[in-house]
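One structure is given below, encoded as structure tokens.
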There are 2 protein chains.
Amino acid sequence: MRGDAFDPDCPTRLILDRIGDKWSVLVVLSLAGGPRRFTELRRRIGGVTPKVLTQTLRTMERDGLLTRHVFAEVPPRVEYALTPLGLSLGRPIQAITDWAEEHVEAVVAARARHDGLPG
Amino acid sequence: MRGDAFDPDCPTRLILDRIGDKWSVLVVLSLAGGPRRFTELRRRIGGVTPKVLTQTLRTMERDGLLTRHVFAEVPPRVEYALTPLGLSLGRPIQAITDWAEEHVEAVVAARARHDGLPG
DNA sequence: CTCTCATGGTTTCCAAAGGGTACCAATGGC
DNA sequence: GCCATTGGTACCCTTTGGAAACCATGAGAG
């Protein structure tokens, strides 16, 4: 059975933990078009704080999803780029965002129905 | 551009927050085969605590992803089942788990390379 | 020489979420 | 009365997420 993700010891869980981070998802989407600098990412991904963005990027680097290239310049320049592995992750992520855009209305409606239920 | 998920005010973000919960993902996978009871889910999804499972199920119900059916029996019986909306979410989620199973080795290897790098 | 600006973070602090354990209500069996 | 089962809830603590401030470096302005 493929769904051994149910076993907490299965490494697949480890992936879900990665996907289960909305910032990682947004970083993958942001880098899909090519390398970007830290501040670019920060501006592009609305609402992310530098600390969390750094954490996210470092973890993704550790997991082999992206590379971090520091240029010895002033002011500093650091470019982040997806590895082939990270790039391949873009496809399933795109499937999620496609689903999201298609069904977001239904979810919002369900939520409104539930929350605002007048009795 | 479809990636308006970058805007924190875009409702697509709301979906990512949902997907961005590994327990929701596992619940969808668990219910893909048909309705299940609370304790079944709890046993099937290794490592989830009842509190968190309840939270997850309630949120998913609110979002229209599943239904909760309480039978007036003793001991109590509660069945959870995916709605068509929840069922449709199974496809992109499957894409993620497929990716995970295919590339988990690479991620684990990258992580080991990074962590254990002897110098 | 000092002041300012820009970049790519780090540090500190606080609130929120996640998770573990214990417990509850209702009823059947013993 | 006591235990077991089910589907949770309550309590508490640790971890995480997030806001805001600060830092090092060097160029350019004054």
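Order of the sequence lines fixes the chain letters, A, B, ..., with proteins taken first and strands second; residue numbering starts at 1 for each chain. What you are looking at is a predicted structure, and each value in this text was computed from that prediction instead of being measured.
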What is the distance from CD of A/E73 to P of D/dG26, rounded to the nearest Å?
-> 13 Å
Has B/E105 got more than 12 heavy atoms of other residues, nucleotides or ligands less than 6.0 Å from its CD?
-> no
Hey, does the side chain of B/T39 come within less than 4.0 Å of D/dG7's phosphate (OP1/OP2), counting only N and O?
-> yes
Picking from C/dG9, C/dG8, D/dT6, which would you name as closest to the side chain of A/R68?
-> C/dG9
In terms of ring plane angle, is the pair B/F71 and B/H69 parallel, tilted or perpendicular, where the classes change at 30° and 60°?
-> parallel
Round to a whole Å and report the spacing from CZ of B/R37 to C1' of D/dG8.
-> 13 Å
Could you work out which one of D/dG7, D/dC11, C/dG8 sits closest to the side chain of B/K51?
-> D/dC11
Round to a whole Å and report the spacing from CZ of A/R36 to P of C/dT7.
-> 15 Å
With DNA chain D as reference, determine whether B/P75 or B/T54 sits nearer its 5' end, using the nearest nucleotide of each.
-> B/P75
Want to settle it: does A/W23 or A/V74 sit nearer the 5' end of DNA chain D, counting the closest nucleotide to each?
-> A/W23
Minimum-distance nucleotide to B/F38 side chain [options: C/dG19, D/dG17, D/dG8] = D/dG8
Quick one: which of D/dG7, C/dG20, C/dA22 gets closest to the side chain of B/T49?
-> C/dG20
Among D/dG7, C/dT7, C/dG19, which is the nearest nucleotide to the side chain of A/R43?
-> C/dT7
In terms of the nearest nucleotide of DNA chain C, which residue is placed more toward the 5' end: B/D21 or A/R77?
-> A/R77
Output the single nucleotide from C/dG8, D/dT6, D/dG17 whose closest atom is nearest the side chain of A/Q55.
-> D/dG17
